[in-house]
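No hydrogens, no waters, no symmetry mates; every other heavy atom, side chains included, goes into these values. For ligands, and for the atoms within them, numbers begin at 1 and follow the listed sequence.
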Amino acid sequence: MSYQTIEVRNATPSIGAEIFGADLSKPLGNQQFQEVHDALMDRLVIFFRDQNLSPERHKEFGLRFGKLHVHPAALTELPDHPEIFVIKADEKSKRIAGEEWHSDVSCDAEPPMGSILYLTSVPPDGGGDTMFANMYLAYESLSEPIKRMLDGMTAIHDGEHVYRGRYDVDDAGKTYPRSEHPVVRTHPVTKKKCLFVNRVFTTRIVGLKRNESTAILEMLYRHIETPEFCVRFRWQPKSIAFWDNRCAQHHALWDYYPNKRYGHRVTVCGDKPY
Ligand SMILES: O=C(O)CCC(=O)C(=O)O
């Protein structure tokens, strides 16, 4: 890849890059937008530092990449911005978002294409890093017999056990998304295959006996976490991570209790996996 308006410094050989030369507080020109998009396609997750992003600008930046997603379960904490999902933890938290490896809201029929997380407050003594893993590499490094077995299989992704009662809202009578997706999906832009099952939402592989499904999913979940597929991002206030949910999974580390961590996430809609 060659870039004219930004500098892209890879964070590891397999995933992640830090982007220099883009000021996201201002609208991006077409050339720079294309280069940021290309860097995301190439690196799966991109990082920016020292950005000043109001909720309005955050949404405008997300809108360059597609329609904005509204979370199916969380109460919006910013009444004027239902598209902003607040990420926060403090001494009162009993859990945080993203403590297990996952792809955002994969229970949706059309799961999000990408998520743009902007943190303004990070724990004072360190901690609170986010890990990202490359799902192309996870697929490609499986043996041929396992690839053949998984190609053509589908799995159920369910929001019920994840979201029911989670956000302290009365959700009696509410139904949460549940969808069937290919275990191996094709990325709509790069056309490459990637693994698309995750510990948070995927409950079973369709057509297998329960113990077969559990064993295969557990094998895949452990495989997905292989350190060589991963990058670990250390946040600073005003950092941004923008990840492609179609080909990357992530895991937020909660090693900083009772300290505070706060930010806003804008999520870009995606399409039906195939
Ligand atoms: O807080 C983070 O670093 C990520 C949280 C998360 O998993 C998410 O926004 O999907």
Side-chain angles (χ1 to χ4, degrees), residues 11 15-16 18 40 44-49 51 53 55 58-59 61-62 65 68-78 81-90 92-108 111-124 126-135 157 159 162-163 166-167 176-177 196-202 221 224-225 230-270:
I15 180 170
E18 190 159 342
L40 178 66
L44 293 66
V45 54
I46 51 179
F47 309 114
F48 303 83
R49 300 280 188 195
Q51 299 289 330
L53 218 50
H58 195 168
K59 291 198 301 188
F61 177 60
F65 294 83
L68 299 187
H69 175 271
V70 176
H71 199 277
L75 255 190
T76 177
E77 302 204 24
L78 305 179
H81 303 288
E83 308 88 348
I84 290 192
F85 180 58
V86 171
I87 295 287
K88 65 172 183 190
D90 58 23
K92 295 196 278 311
S93 303
K94 296 200 176 57
R95 49 165 76 123
I96 62 154
E99 276 177 87
E100 289 270 23
W101 282 99
H102 67 289
S103 170
D104 289 329
V105 205
S106 70
C107 54
D108 269 357
M113 162 266 178
S115 303
I116 306 163
L117 178 58
Y118 175 57
L119 290 193
T120 45
S121 171
V122 303
D129 295 355
T130 309
M131 298 188 64
F132 299 88
N134 180 331
M135 292 302 107
H157 295 236
V162 182
Y163 297 136
R166 180 172 184 131
Y167 293 101
Y176 290 111
F196 196 65
V197 288
N198 67 80
R199 255 187 212 287
V200 170
F201 292 104
T202 313
Y221 296 153
I224 280 163
E225 298 165 12
C230 298
V231 62
R232 178 168 172 155
F233 183 56
R234 172 148 301 182
W235 293 88
Q236 293 164 1
K238 307 209 275 187
S239 299
I240 292 172
F242 184 176
W243 59 90
D244 184 336
N245 280 299
R246 300 167 295 191
C247 54
Q249 289 194 29
H250 59 286
H251 174 198
L253 303 182
W254 196 19
D255 51 359
Y256 53 90
Y257 181 86
N259 287 331
K260 290 186 179 40
R261 183 175 180 272
Y262 182 91
H264 292 165
R265 189 184 93 193
V266 159
T267 310
V268 181
C269 291

- Query: Got a donor-acceptor contact below 3.5 angstrom from the R261 side chain to the G128 backbone?
  - Reply: yes
- Task: Considering the heavy atoms of L117, write down every atom of ligand 1 situated less than 4.0 Å from one of them.
- Result: 1 (O), 2 (C), 3 (O), 4 (C)
- Query: Is it the side chain, the backbone, both or neither of I96 that has a heavy atom closer than 4.0 Å to ligand 1?
  - Reply: neither
- A97 touching ligand 1 at heavy-atom level, < 4.0 angstrom: yes
- When you measure from the side chain of Q249 to the backbone N and O of V197, does any donor-acceptor pair fall under 3.5 Å? yes
- Note on the structure: of all protein heavy atoms, closest to atom 1 (O) of ligand 1 is R261 NH1, 2.7 Å
- Using non-hydrogen atoms of the residue, decide whether H251 is closer than 4.0 angstrom to ligand 1. no
- Name the closest protein heavy atom to atom 9 (O) of ligand 1, giving the residue it belongs to and the distance to 0.1 Å. R265 NH1, 2.9 Å
- Close-contact set for ligand 1 against T130 heavy atoms, below 4.0 Å: 2 (C), 3 (O)
- Message: Tell me if a side-chain donor or acceptor on N259 pairs with a main-chain N or O of D90 at a distance below 3.5 Å.
- Response: no
- Backbone N/O of Q51 and side chain of Y118: donor-acceptor pair under 3.5 Å: yes
- Do H250 and H102 meet the criterion of a side-chain donor-acceptor pair at a distance under 3.5 Å? yes
- Message: I'd like to know if the side chain of Y221 and the backbone of N198 have a donor-acceptor N/O pair within less than 3.5 Å.
- Response: yes
- Under-4.0 Å heavy-atom contact with ligand 1, by part of H102 that carries it: side chain
- Item | H69 and D104 side chains, donor-acceptor separation under 3.5 Å | no
- Message: Is there a polar contact between ligand 1 and W243, counting only N or O atoms under 3.5 Å apart?
- Response: no
- Item | Atoms in ligand 1 flagged as close to D104, the criterion being non-hydrogen separation under 4.0 Å | 8 (C), 10 (O)
- Task: Considering only NZ, NE, NH1 and NH2 on the basic side and carboxylate oxygens on the acidic side, decide whether R234 and D129 come within less than 4.0 Å.
- Result: yes
- Message: Using a 4.0 Å cutoff against the non-hydrogen atoms of H250, which atoms of ligand 1 qualify?
- Response: 6 (C), 7 (O), 8 (C), 10 (O)
